Novice: 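Here it is, the structure, as structure tokens.
Quantities reported herein were computed from a predicted structural model and do not represent experimental measurements. Numbered from 1 within each chain, the chains take letters A, B, ... in sequence-line order.
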2 protein chains.
Amino acid sequence: MSVRNALLGLLAQRPRHGYELHAAFEAVVGGEENWDVKPSQIYTTLARLQESGLVEEESVGQGGGPEKRIYAITRAGRHALVEWFSSGVAREHQRDEFFIKLILSLATGEANPRKVIQTQRAKLYQDLHDMTAQRNHFDPKTELAQIFLFDKAIMHLEADLRWLDMIESRIDEVKRQPLPEPEVKPRGRPKKEVRS
Amino acid sequence: MSVRNALLGLLAQRPRHGYELHAAFEAVVGGEENWDVKPSQIYTTLARLQESGLVEEESVGQGGGPEKRIYAITRAGRHALVEWFSSGVAREHQRDEFFIKLILSLATGEANPRKVIQTQRAKLYQDLHDMTAQRNHFDPKTELAQIFLFDKAIMHLEADLRWLDMIESRIDEVKRQPLPEPEVKPRGRPKKEVRS
DNA sequence: AAAGAATACTACCCGTTAATAGTTTTGTCA
DNA sequence: TGACAAAACTATTAACGGGTAGTATTCTTT
């Protein structure tokens, strides 16, 4: 969803062709680090945007080399962009991979939960270390935005570590709890509901 | 990735059919709340697992109603599962939707950055409120795991809010920085590199 | 007959990657 | 001077994995 909207944003400035969009995107958000968008994604996304009528092919330029298909944003596109800017970003799904792993290790006995936690903690420390190192490669005078991005990641890692500590200290309580069983629902037409 | 592995974990206990897997999954990780897996996803994932040879169709049971295709985990499947349990969960990509939105609002002038921040903050507070409310619907005596899941989400939301404050207080610094330009690379064969 | 559980499937969207292909510019070396 | 290497420039196609929407068939109970 975000590449899509980013392209709309860039096209709102002026019409561009695919390669140019790729360059602009990288410049804005991926200073050779972190967000690595492949050119092909730009083109597929562009195609889908066009299909949805948010973008249209304007003309075909030709300036040495292959032809350039130049795209422009449409009215509908501008509308979608405004929409995007004026709405909050939905939080990522609860779908937490580590959590499900931990629960499954508890529920199935296929792995040692404490070990799972330890592995994860090691990973988090490693990540934290890497992120911090990378963060310090940027110059606050000119690349403050990049630094903020890393700060966010770092804060999340710290939160994860705190959470992990909390969970570990109470893992026995969880173990003691009954395994959740799939609840059985009565078949057939339900009885007339008596509301509570 | 996680549904996939979760199915492997459940099949490691014993062979099951799709509907059963769906029920078990919901019981373990989605107490009617948060993680809502559609049955169709179970089936598509199962099909893909089978194609990769991690799971195989064992037999077709029949117990009232449509036939049940019963799946079992294979050796390769068990191997993949062990692999999963013994490796850390990779952090989610840097790909941060809010960040790119903010940067684009700064770079393109198509939206007011302060407003973007405010909208996001409102969203975060809303989410925080909802999460907290939901969290309190669970019983720590029997559903501690669910509560932990919410705790994690809550901690992340709090981190996001702190981060947002930090960013907002320094937004002018960012604004003052030169817009990142796509860097121009020299064409042609590169000069013989004089290593530093 | 109504209603919903039990069970399954297909088609599709979106983000993403891998692989490929042709043109132009420029440095290097014989 | 000319041949070639190397890389930028520009784009396309095929495919995969996660995920959703919608539908279809039976069976059981009221």
Novice: Just how far, in rounded Å, is C1' of D/dG18 from CZ of B/F25?
Specialist: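 After rounding, the reported distance stands at 12 Å.
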Novice: If you apply the rule side chain to side chain contact (heavy atoms under 4.5 Å, CB included), what do you find for B/H156 with A/D160, and how did you get there?
Specialist: CA-CA 8 Å; B/H156 274 231; A/D160 285 343; 2.6 Å; yes
Novice: Specify the separation, in whole Å, of atom CG of B/L46 and atom P of C/dT10.
Specialist: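 The answer, rounded to whole Å, is 13 Å.
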Novice: Between D/dG18 atom C1' and B/N5 atom CG, what is the distance in whole Å?
Specialist: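 Taking atom C1' of D/dG18 as the reference, CG of B/N5 is at 13 Å.
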Novice: If an axis is fit to five pairs at each end of the helix from C/dA1-D/dT30 to C/dA30-D/dT1, what is the angle between the two, to the nearest 10°?
Specialist: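 Terminal axis comparison yields 10°.
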Novice: What nucleotide among D/dG18, D/dT10, C/dT7 has an atom nearest to a side-chain atom of B/Y43?
Specialist: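 Minimum distance to the B/Y43 side chain belongs to C/dT7.
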Novice: From NE2 of B/H17 over to C1' of D/dT26, roughly how many Å is that when rounded to an integer?
Specialist: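 Result: 14 Å.
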Novice: Mind calculating the distance between CD (B/E57) and C1' (C/dT7) to the nearest angstrom?
Specialist: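 The distance from CD of B/E57 to C1' of C/dT7 comes to 13 Å, rounded to the nearest Å.
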Novice: Which nucleotide in the list C/dT7, D/dT10, D/dT20 gets nearest to the side chain of A/Y19?
Specialist: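 Per side-chain heavy atoms of A/Y19, the pick is D/dT10.
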Novice: Quick check on DNA chain C: between B/Y71 and A/S2, whose nearest nucleotide comes earlier from the 5' end?
Specialist: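 Looking at the nearest nucleotide for each, B/Y71 comes out on the 5' side.
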Novice: What is the distance, to the nearest angstrom, from the CD1 atom on B/I42 to the C1' atom on D/dG19?
Specialist: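 Taking CD1 of B/I42 and C1' of D/dG19, I get 11 Å after rounding.
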Novice: Quiz question: going by heavy-atom distance under 3.5 Å, is there a donor-acceptor pair between the base of D/dG18 and the side chain of B/R48?
Specialist: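 Between D/dG18 and B/R48, which were checked side chain against base, a qualifying N/O pair under 3.5 Å is present.
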Novice: Given atom CD of A/E20 and atom P of D/dT10, what is their separation to the nearest angstrom?
Specialist: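 Distance check: A/E20 CD to D/dT10 P gives 8 Å.
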Novice: Which part of the nucleic acid does B/H22 contact within heavy-atom distance under 4.0 Å: base, sugar-phosphate only, or nothing?
Specialist: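 Counting heavy atoms under 4.0 Å across all strands, no contact is made by B/H22.
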Novice: DNA chain D: B/R4 or A/P39, which has the more 5' nearest nucleotide?
Specialist: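 So the residue in question is A/P39.
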Novice: Can you tell me if A/K101 uses its side chain to pair, donor with acceptor, with the backbone of B/N5 under 3.5 Å?
Specialist: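 It does not hold such a pair.
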Novice: So, A/E110 and B/W84: side-chain donor and acceptor under 3.5 Å apart, yes or no?
Specialist: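 Result is no, nothing qualifies.
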Novice: For C/dG15 and A/Q41 - does any side-chain N or O of the residue sit under 4.0 Å from the phosphate oxygens OP1/OP2?
Specialist: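 No.
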Novice: Mind checking if A/T44 touches a base, just sugar-phosphate, or nothing, with heavy atoms under 4.0 Å?
Specialist: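 Contact class for A/T44: base.
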Novice: Within the structure shown, what part of the strands sits under 4.0 Å from B/V3 by heavy-atom distance: base, sugar-phosphate, or nothing?
Specialist: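 Since only primed, P, OP1 and OP2 atoms lie under 4.0 Å of B/V3, the category is sugar-phosphate.
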Novice: Should the pair A/K68-A/E20 be classified as a salt bridge under the 4.0 Å nitrogen-to-oxygen rule?
Specialist: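 Salt bridge absent between A/K68 and A/E20.
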Novice: If only side-chain N and O atoms of B/K38 are considered, is one of them under 4.0 Å from the OP1 or OP2 phosphate oxygen of D/dG19?
Specialist: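 For D/dG19, OP1/OP2 do not have a side-chain N/O of B/K38 under 4.0 Å.
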Novice: Any donor and acceptor pair, going by atom type alone, linking the side chain of B/W163 with main-chain N or O of A/A153 inside 3.5 Å?
Specialist: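 Not confirmed, B/W163 side chain does not pair with A/A153 backbone.
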Novice: Mind checking whether A/D172 and A/K175 have side chains closer than 4.5 Å, heavy atoms only?
Specialist: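 When only atoms from C-beta onward are counted, A/K175 and A/D172 do touch, with a gap below 4.5 Å.
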Novice: Can you confirm whether B/V89 sits close enough to A/K123 that some side-chain heavy atom of one is under 4.5 Å from a side-chain heavy atom of the other?
Specialist: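 No. Closest side-chain heavy atoms not under 4.5 Å.
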Novice: Among the candidates C/dA8, D/dT12, D/dG22, find the nucleotide nearest to the side-chain atoms of B/S40.
Specialist: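 Given the options C/dA8, D/dT12, D/dG22, the side chain of B/S40 is closest to D/dG22.
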Novice: Strictly distance-based, threshold 3.5 Å: is any side-chain N or O of B/E143 a donor or acceptor partner for the main-chain N or O of B/D139?
Specialist: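 Yes: the side chain of B/E143 pairs with the backbone of B/D139.
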Novice: Using whole Å, report how far CD of A/E26 lies from C1' of D/dC9.
Specialist: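 That distance rounds to 14 Å.
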